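Heads up: the structure comes next, in structure tokens.
From a predicted model like this one, the values you see are computed outputs, not experimental measurements. In what follows, every heavy atom counts, from backbone to side chain, and hydrogens, waters and symmetry copies are set aside.
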Amino acid sequence: HLTALGDAAVRERRARGELAWARALFARRYGEHGVSSLGGKDSLSEKLAHAIEEGASPLGAAARVGETYLREIRSKGGPTS
């Protein structure tokens with residue numbers, strides 16, 4: 001199966017899987033408010049993809065973007081301040 005896909009296709013498939021995992025982790029932890037506060041699903045995906053491209057694992061990317069979300073809501077006097 002992997003041989004039939006080729007190296008580039010395998011890398012792309014793995015990257016999509018990592019991004020989906022990071023997105024699910026973030027959404028599970030911070031909910032819809034977290035997703036919408038960061039600009040919606042597309043914006044969240046871009047932020048997570050950037051963190052992964054910089055070398056973060058999916059868990060690390062979700063944590064990094066989660067810190068951004070928490071800083072944002074704390075600066076606005078949100079529920080965790």
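Between the side chains of H50 and E46, not a single donor N or O lies within less than 3.5 Å of an accepting N or O.
Rounding to the nearest 0.5 Å gives a distance of 13.5 Å between CD of E12 and CG of D7. In this structure, NZ on K41 lies 6.5 Å from CD on E32, to the nearest 0.5 angstrom. With rounding to the nearest 0.5 angstrom, the CD1 atom of I73 is 11.5 Å from the OG1 atom of T68.
A pairwise comparison of heavy atoms in A61 and A51 identifies CB-CB, 3.7 Å as the closest pair. Taking every heavy atom of both residues into account, F26 and G34 meet most closely at CE2-C, 3.6 Å. The two atoms that bring I52 and E18 nearest to each other are CG2-OE1, 3.6 Å, heavy atoms only.
Under the 3.5 Å distance criterion, the side-chain polar atoms of S43 are left unmatched by any main-chain donor or acceptor of G40.
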Working note: R16 + R13, criterion side chain to side chain contact (heavy atoms under 4.5 Å, CB included); need CA distance, chi angles, decisive distance, verdict. CA-CA 5 Å; R16 283 194 315 267; R13 185 175 182 182; 4.0 Å; yes
Side chain to side chain contact (heavy atoms under 4.5 Å, CB included) assessment of R64 paired with E54: CA-CA 11 Å; R64 185 183 303 178; E54 289 185 333; 2.8 Å; yes
Let's go through Y30 and V35 carefully: what are the C-alpha distance in whole Å and the side-chain angles of both, what is the deciding distance for side chain to side chain contact (heavy atoms under 4.5 Å, CB included) to 0.1 Å, and is it a yes or a no? CA-CA 7 Å; Y30 302 105; V35 175; over 6 Å; no
Side chain to side chain contact (heavy atoms under 4.5 Å, CB included) evaluation trace for L38 with E72: CA-CA 9 Å; L38 293 178; E72 184 177 304; 3.9 Å; yes
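Contact check for L25 versus W21: side-chain heavy atoms found under the 4.5 Å cut-off.
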